[in-house]
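Convention: sequence-line order gives letters A, B, ...; per-chain numbering from 1.
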2 protein chains.
Amino acid sequence: MSTSVARLETSLNTTFATRHWPVISGDVVTRVVPADDEFAVLDDAGTRLSFCRNETIFEEGENAKYCYRLVSGSVRLCKFLLDGRRQIADFFLADDLFGFADIDTHAFSAEAVTDVVLLRYPRARVEMLIDVDVHLRRKLIQLTHERLNTTQMHLVMLGRHTVKERIALFLIRIAERLGLDADVGGEIDLPMSRLDIADYLGLTIETVCRAISDLKRAGVIAVPNTHRIVLQDARRLRNLVEGATLLSA
Amino acid sequence: MSTSVARLETSLNTTFATRHWPVISGDVVTRVVPADDEFAVLDDAGTRLSFCRNETIFEEGENAKYCYRLVSGSVRLCKFLLDGRRQIADFFLADDLFGFADIDTHAFSAEAVTDVVLLRYPRARVEMLIDVDVHLRRKLIQLTHERLNTTQMHLVMLGRHTVKERIALFLIRIAERLGLDADVGGEIDLPMSRLDIADYLGLTIETVCRAISDLKRAGVIAVPNTHRIVLQDARRLRNLVEGATLLSA
DNA sequence: CGAACAATTGACAGACCTCAAGCGACGTGG
DNA sequence: CCACGTCGCTTGAGGTCTGTCAATTGTTCG
């Protein structure tokens with residue numbers, strides 16, 4: 001599959017050949033954007049691009065000429081060490097912005113976790129607009145601040161949380177980002193592989209599997225298929241992360 | 001000295017009596033600010049405050065009414081879990097800004113690592129100035145982006161680096177922040193305790209001690225006293241972090 | 001000099017990683 | 001349509017690194 005590949009500008013007629021899993025048609029997902037669209041002003045400057053699963057969107061060290069907005073699919077932001085170790089710093093989901101904080105060159109690589117459609121903005125243009133448009137500016141600053149905060153929470157997870165806590169937090173936070181109420185429960189459609197999760201949580205794939213199996217065995221979650229997780233006992237899931245944060249989730 | 005101290009506004013007559021180590025007089029350190037001072041415009045809005053070692057500057061959950069600029073001393077940004085685990089997300093040194101990205105409430109606590117002098121700015125004022133002053137705005141945005149980047153590098157360290165690599169990276173990065181050329185070597189004056197280092201690196205104090213002792217035994221560093229580290233063999237120190245980043249330090 | 005606190009070192013245990021085999025879903029080819 | 005190969009996931013057995021517990025040393029200050 002996806003021998004084809006990413007293409008560009010105009011086209012987008014990438015007959016995303018047959019992929020196996022995440023069925024996300026670049027057309028179906030029609031900009032379900034939150035009402036307040038401070039980014040409308042950016043749209044004119046954007047080029048629509050598509051990438052196939054596992055394709056690289058930009059690479060560490062590359063000149064950071066562009067910023068991006070994810071239209072559909074999901075993206076991982078990652079860094080590789082010389083011996084192959086990998087750390088994923090973030091996952092981006094539909095409507096997330098990324099690449100805006102990269103100064104001069106990208107410090108991390110961005111790769112398509114699933115087939116992906118995104119908008120690409122020239123950084124110079126963005127910086128110009130920031131000076132001109134107060135609403136855009138405020139929104140971008142706010143988003144950057146939020147990202148710094150979530151990155152710091154991620155840091156706490158890697159530094160001080162146990163395996164069980166990390167998995168539980170990961171599921172809770174993904175659920176919330178996908179618009180579920182993690183206290184009620186619901187079904188999560190995980191875009192990423194077990195290995196991606198492991199590299200996000202600073203663990204090995206085996207450890208992630210075992211932890212998920214434990215949760216399954218305990219009846220806290222169900223796993224109808226690999227990429228689908230059902231939160232059955234949201235309360236117990238949350239209890240797994242006490243002592244989590246003193247205040248926030 | 002500095003038996004005096006912290007205070008402000010009203011009382012806070014916590015006579016933190018005598019402390020043992022870092023002797024930093026709040027008066028001696030007179031704003032050795034880099035030439036380009038985009039922050040001058042902030043100064044009028046700032047209140048000068050002092051804190052004693054281990055005092056809390058702001059606490060997780062507190063209303064984030066203020067932003068801060070560190071004049072002298074150093075500060076840790078940390079989060080506590082219910083069972084006492086602690087993760088330090090950042091250390092701030094002289095002239096660093098902090099608290100600017102905190103939305104609504106502080107997600108982390110800030111505590112004085114040494115006796116500290118700082119400037120406190122009302123957030124509302126800062127936000128107003130950001131809209132008015134282009135240079136201030138650009139500088140603040142740039143600093144926030146830099147902080148996001150260093151936080152992500154920190155993430156890689158916690159997720160994928162070994163103990164030796166973490167210690168080596170920590171020393172290299174602190175040295176650079178203190179203005180040393182980490183390739184040449186030099187002497188680092190560590191403001192923080194071993195426990196602080198441990199909680200910054202996601203380790204225990206014992207593990208940090210052992211790693212430092214190993215480096216000492218190997219002749220890579222010398223440790224004339226607890227808070228002073230001499231980089232004797234900068235090249236070997238750097239070699240410890242290959243496979244570190246593919247490109248950056 | 002002694003008390004309090006921080007740092008260091010040692011012995012041991014346990015959590016997580018490594019290595020390896022087995023399973024399951026999916027797609028291709030006979 | 002079914003068999004087989006591939007790839008990702010899961011499970012098991014065993015080892016290692018780092019955390020835990022405890023004792024010792026060193027430093028600062030009363």
Item to check | A:V208 or B:V208, whichever maps to the more 5' nucleotide of DNA chain D | outcome: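 Whichever sits nearer the 5' end wins; that is A:V208.
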
Item to check | Aromatic B:Y68 / basic B:R120 pairing, under 6.0 angstrom, 45° off normal | outcome: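 Here B:R120 fails the 6.0 Å and 45° test against B:Y68.
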
Checklist entry - Can you check the A:L215 CG to D:dT11 P distance for me, whole Å? => result 12 Å

Item to check | Protein-nucleotide distance (A:R86, atom CZ; C:dC17, atom P), rounded to Å | outcome: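 Going from CZ in A:R86 over to P in C:dC17 covers 15 Å.
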
Checklist entry - Does a salt bridge link B:D199 with B:R76, judged by any charged N lying under 4.0 Å from a carboxylate O? => result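 Here B:D199 does not pair with B:R76 in a salt bridge, since their nearest N and O are not under 4.0 Å apart.
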
Item to check | Protein-nucleotide distance (B:L190, atom CG; C:dA6, atom C1'), rounded to Å | outcome: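 About 14 Å, once rounded to whole Å.
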
Item to check | 5′-ward residue of the pair B:R160/B:R194 relative to DNA chain C | outcome: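 Looking at DNA chain C, the more 5' nearest nucleotide goes with B:R194.
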
Next on the checklist: Determine whether B:L169 and B:R166 satisfy the following criterion, side-chain contact (heavy atoms from CB on, under 4.5 Å), listing intermediate values before the conclusion.
Outcome noted: CA-CA 5 Å; B:L169 274 172; B:R166 290 184 212 192; 5.9 Å; no

Next on the checklist: Rounded to whole Å, how long is the line connecting atom CD1 of B:I212 with atom C1' of C:dT8?
Outcome noted: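 Distance, rounded to whole Å: 11 Å.
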
Checklist entry - Between B:R53 and B:E111, does at least one N-O distance fall below 4.0 Å, as a salt bridge requires? => result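 No salt bridge links B:R53 with B:E111.
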
Checklist entry - Would you call B:D95-B:R69 a salt bridge at under 4.0 Å N-O? => result yes

Checklist entry - Over how many whole Å does the gap from A:I167 atom CD1 to D:dC9 atom C1' extend? => result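 Checked: the CD1 to C1' distance equals 14 Å.
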
Next on the checklist: Strictly under 4.0 angstrom, non-hydrogen atoms only: write out the protein contact profile of nucleotides 9-16 of chain C, one letter per nucleotide from the 5' end, B, S or -.
Outcome noted: BBB----S

Item to check | Atom-to-atom span, CZ of A:R228 to P of C:dA25 - whole angstrom | outcome: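 In whole Å, C:dA25 P and A:R228 CZ are 16 Å from each other.
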
Item to check | Whole-Å distance separating the CG atom of A:D214 from the P atom of D:dG12 | outcome: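 Interatomic distance, CG of A:D214 to P of D:dG12: 11 Å.
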
Checklist entry - Considering all heavy atoms of both residues, which atom of B:M192 and which atom of B:I174 are nearest to each other, and what is their separation? => result CE-CD1, 4.0 Å

Next on the checklist: Just the rounded figure in Å: distance from P of C:dA6 to CG of B:N225.
Outcome noted: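 Distance, rounded to whole Å: 16 Å.
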
